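What you see is a predicted model; the values in this text were computed from it and never measured.
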Amino acid sequence: MNTLAELAFEYLWLVLFAGEDVIDLDYSVKCQENLSVYFSAMTPGEKEALSAVAREAQARLLAEPDEHGYTPRKLVTEEQRAFLEALASGDIFEQWG
């Protein structure tokens, strides 16, 4: 289940945050419009697996700087932070489900 949750997370990140140079805008919007249908169809176990992957991504992307001062959190937008929090906590399933 974890592998599918990781794939789903990568898909969501792509659809929600990739620019037009990466993904067709019309396709992206169509996918976003269908998210509530997908979230509603997910089992509790699937939702928990996806939330767990989001928590892992959140920890990785918002980590404290390493010994060289690097942290990817400088590249994470407020919208991405909000998405990570909503998915990690499971609130997104209430919002979009």
Side-chain angles (χ1 to χ4, degrees):
M1 175 102 53
N2 188 54
T3 301
L4 289 175
E6 288 177 9
L7 285 168
F9 178 83
E10 293 296 327
Y11 170 81
L12 289 169
W13 196 266
L14 174 76
V15 165
L16 294 172
F17 303 115
E20 290 183 58
D21 56 324
V22 175
I23 187 170
D24 179 71
L25 182 60
D26 290 334
Y27 176 72
S28 176
V29 169
K30 180 181 175 186
C31 292
Q32 290 178 43
E33 290 171 349
N34 291 325
L35 288 179
S36 64
V37 174
Y38 293 128
F39 288 158
S40 295
M42 292 173 74
T43 66
E46 291 168 333
K47 290 176 182 177
E48 177 51 39
L50 186 53
S51 289
V53 169
R55 286 189 294 275
E56 292 168 7
Q58 187 178 37
R60 183 179 65 254
L61 292 172
L62 302 178
E64 293 294 322
D66 65 14
E67 65 273 4
H68 305 289
Y70 174 76
T71 178
R73 70 178 165 184
K74 294 178 182 180
L75 304 174
V76 178
T77 67
E78 285 303 314
E79 185 180 22
Q80 290 169 330
R81 285 175 192 255
F83 168 75
L84 285 168
E85 179 58 35
L87 189 57
S89 68
D91 289 346
I92 200 166
F93 303 118
E94 306 275 326
Q95 297 168 5
W96 289 6

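- In this structure, Leu50 and Phe9 approach most closely via the heavy-atom pair CD1-N, 3.8 Å.
- Two residues are said to be in side-chain contact when any heavy atoms from C-beta on lie closer than 4.5 Å; Val76 and Phe17 fail this criterion.
- Counting only heavy atoms from C-beta outward, the side chains of Leu35 and Leu16 approach each other to under 4.5 Å.
- Distance check: Leu4 CG to Tyr11 OH gives 14.5 Å after rounding to the nearest 0.5 Å.
- Counting heavy atoms from C-beta on, the side chains of Leu87 and Trp13 never come closer than 4.5 Å.
- Minimum interatomic distance between Glu46 and Thr43 (heavy atoms only, all atoms of both residues): OE1-N, 2.7 Å.
- Separating the CD atom in Glu20 from the OH atom in Tyr27 is a distance of 15.5 Å, to the nearest 0.5 Å.
- Side chains of Arg73 and Glu64 form a contact here, defined as non-hydrogen atoms less than 4.5 Å apart.
- In this structure a side-chain-to-backbone donor-acceptor pair under 3.5 Å is present from Gln32 to Val15.
- In this structure, Met42 CE and Ser51 OG are separated by 7.5 Å, a value rounded to the nearest 0.5 Å.
- Considering every non-hydrogen atom in both Ala88 and Ala54, the closest pair reads N-CB, 3.7 Å.
- Here the side chain of Thr71 pairs a donor or acceptor atom with the backbone of Ala63 at under 3.5 angstrom.
- Between Lys30 and Glu33 there is no salt bridge, since no side-chain nitrogen of the basic residue lies less than 4.0 Å from a carboxylate oxygen of the acidic one.
- In summary, Arg55 and Glu48 engage in a salt bridge, as defined by a charged side-chain N under 4.0 Å from a carboxylate O.
- Summarising the geometry, atom SG belonging to Cys31 is positioned 8.5 Å from atom CG belonging to Leu14; distances are rounded to the nearest 0.5 Å.
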